[in-house]
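Structure first, then comments.
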Amino acid sequence: MSFPRRQQEKTMRVRFAPSPTGFLHIGNARTAICNFVIAKKFDATLVLRVEDTDMERSTRESEISILNDLKWLGIEWNEGPDIGGDYGPYRQSDRFDIYREYTDRLLRSGNAYHCYCSPEDLDAMRADAAEQNRPFAYPGKCRNLSDADKKRFEAEGRTPTVRFRVPDGETIVVNDLIKGRVVFGSENIGGDFIIVRSDGTPIYNYIVIIDDALMKITHVIRGEDHLPNTPKQVLISRALGLPEPEYAHLALVLGPDRSKLSKRHGITSVEMYRREGYLPDALFNYLAMLGWAAESGEEILSPDRIAREIQIGNLAKSAAIFDFQKLKWMNGMYIRSYPLSAITDLFIPYLRDAGYPVDSMDRGWLERVIDLVRGNCEVLSDIAGHAAMFMNDIVEPDADAVAMLRDDDSKKIIDEAYRLIRSELTADNFASELVGKIKASTSLKGKKLFMPVRAILTGSQHGPELDQAIPLIGFERCKKRIEYIYEKSR
RNA sequence: GUCCCCGUCGUCUAGGGGUCGAGGACACCGGGUUUUCAUCCCGGCAACAGGGGUUCGAAUCCCCUCGGGGAUGCCA
């Protein structure tokens, strides 16, 4: 199945349509990435549309943060609320007048009708259905209300919703680019559904198809949770005589418990990943690879490569569990392979947050430190711990180091180091001579030699290679640290 | 309950009738490098949900069962 079936007929247009009711969710980010990558691949137009018809939950702050997160991920769009375009406005709340016209048409043609049932009435109907163990479907109570009935309801102060009249016995076939042929019967849709709330605002399920048509969207790439909504949208587009886009429903991203990834699974917002120190390239890469594999089997791929190699028909049909471990691994790979200067820039805010005076540090020295410890980092925030030994004059030895420094051999080393650093050693020769001279005068070697030295100088038994760490710590600091431990050991 | 989707190692996946005694990656477990840790390298563990067909031959096609997920909102 070649993806852009219509590419020859018209230019391809795809869209990402977030609802600004919170942070950008990892699952939605993946949908955005798929749209972006497919758009890139086929040189299509990517439209960003904000679906903010739920006035109760939608906020402008959320929209701003979602747009920011998308940009951070490296996703760019060609039309959207922030940049405009020929098919705007791109915020549904700015398009209510447009939808009203379509609603009028539906009402006039008899494809929709006013419904005066209250939420309470509906709850009761649903409860009845549940009690009798039958599926709930709106029974069409208000389908054929007389003018007198309507007058009576309005006199009671009821404000109607608008329901779409679902035709009987109709078959809706969705030829999904990922799932294949999916068939729905109109009798299974759940009865006439609401398309306009009693406050006059339209429902997503209804206007999505209008906007897609008006914005000339050719391919709708979205989450699989929208698949059951699709027949409703198809029915509306038929009633309105609107063109139907191609559909590609992406398998969902699941949490470790196999349910749709949500807040209770922990970190699910892109924003939190950014804060923790995940690189946008890594998150992008990981999300794109969730449910897809390159032919070569390679996993670390640039957006360009992904765009080049991705095939909509190759996207997995089955849901994928979000694997934090693998994301971490991938992030570590990016941290290790980034150009040193670039990764240093990314690490700096985390060092600053940890309280280290990065702004007064020598850049060249900082880069050498980072190069030495980046291999230990899976996320940027790991740097604070691993670079700590280079950040201050004195490092307080940890419990293990303290314990080890108590034995007699260690004491010999402490004394000898103290003597050396205050006599024979200078800033020029200490780095190359310190360990050797201690070895010569104590005749200790191997672990017995290196570990105490390491503990004195770094406060820990673990860390980067000593011979590289020592010159970076520097003469003055080494001296202070040796003196500090020496005093402590008295 | 009903409708829809899905089922290959613990996880992400490759595979689409014979080349599969099922390949790669993460994780895990060994070993090497590092006199430490991490990196890096090498090796190992580990899967076609079950049952029926079709076929000379099925992980691959069909059916059923089971399992998982989604939808069933005056949310998107």
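Here is the naming used below: chain letters follow the sequence lines, and residue numbers restart at 1 for every chain.
Within the nucleic acid shown, Ser118(A) comes within 4.0 Å of at least one base atom, counting heavy atoms only. Using a 4.0 Å heavy-atom distance criterion, Ile194(A) is classed as a base contact. Among the atoms of the strands shown, only primed sugar atoms or phosphate atoms (P, OP1, OP2) are found under 4.0 Å from some heavy atom of Gly291(A). Contacts of Val183(A) with the nucleic acid, taken as non-hydrogen atoms under 4.0 Å apart, involve only primed sugar atoms and P, OP1 or OP2. Residue contacts shown for His249(A) are absent, as no nucleic acid heavy atom lies under 4.0 Å away. Within the 4.0 angstrom heavy-atom criterion, only backbone atoms of the sugar-phosphate kind lie near Phe184(A); the bases stay farther away. Among the protein residues, Met330(A) comes within range of no part of the nucleic acid, since none of its heavy atoms lies under 4.0 Å from any strand. Residue contacts shown for Leu327(A) are absent, as no nucleic acid heavy atom lies under 4.0 Å away. Across all strands, Lys260(A) comes closer than 4.0 Å only to sugar-phosphate atoms, never to a base (heavy-atom distances).
Cation-pi geometry between Arg163(A) and Tyr138(A) is met: the NZ or CZ atom falls under 6.0 Å from the ring centre, inside 45° of the normal.
For Tyr138(A) and U72(B), the OH to C1' distance is 17 Å, given to the nearest whole Å. Between the CD1 atom of Ile321(A) and the P atom of U8(B) there is a distance of 10 Å, rounded to whole Å. For the pair Arg197(A) CZ and C75(B) C1', the interatomic distance rounds to 7 Å; values are reported in whole Å.
Taking 3.5 Å as the limit, the base of A27(B) and the side chain of Lys326(A) contain no donor-acceptor pair of atoms between them.
Picking from G24(B), U11(B), A76(B) the nucleotide with the shortest atom distance to the side chain of Glu299(A) gives G24(B). Closest to the Asn229(A) side chain, of the nucleotides A76(B), C12(B), G70(B), is A76(B). When distances run from any side-chain atom of Gln325(A) to the nucleotides A27(B), C74(B), A71(B), the shortest one goes to A27(B). Each of U11(B), A76(B), C74(B) was ranked by its minimum atom distance to the side chain of Asp225(A); first place goes to A76(B).
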Each nucleotide of nucleotides 36-46 of chain B classed B (base within 4.0 Å of a protein heavy atom), S (only sugar-phosphate) or -, in 5' to 3' order, makes BBBSS------
Hey, can you pull the donor-acceptor pairs under 3.5 Å for the side chains in residues 193-203 of chain A, sequence neighbours left out?
residue: Arg197(A); atom: NH1; partner: Thr53(A); partner atom: O; Å: 3.4
residue: Arg197(A); atom: NH1; partner: Thr201(A); partner atom: OG1; Å: 3.0
residue: Arg197(A); atom: NH1; partner: Pro202(A); partner atom: O; Å: 3.0
residue: Asp199(A); atom: OD1; partner: Thr201(A); partner atom: N; Å: 2.9
residue: Asp199(A); atom: OD1; partner: Thr201(A); partner atom: OG1; Å: 2.6

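In the model, Tyr350(A) has no side-chain atom that pairs as donor or acceptor with a side-chain atom of Asp382(A) under 3.5 Å.
Residues Asp82(A) and Trp77(A) approach most closely at OD1-NE1, 2.9 Å, considering heavy atoms.
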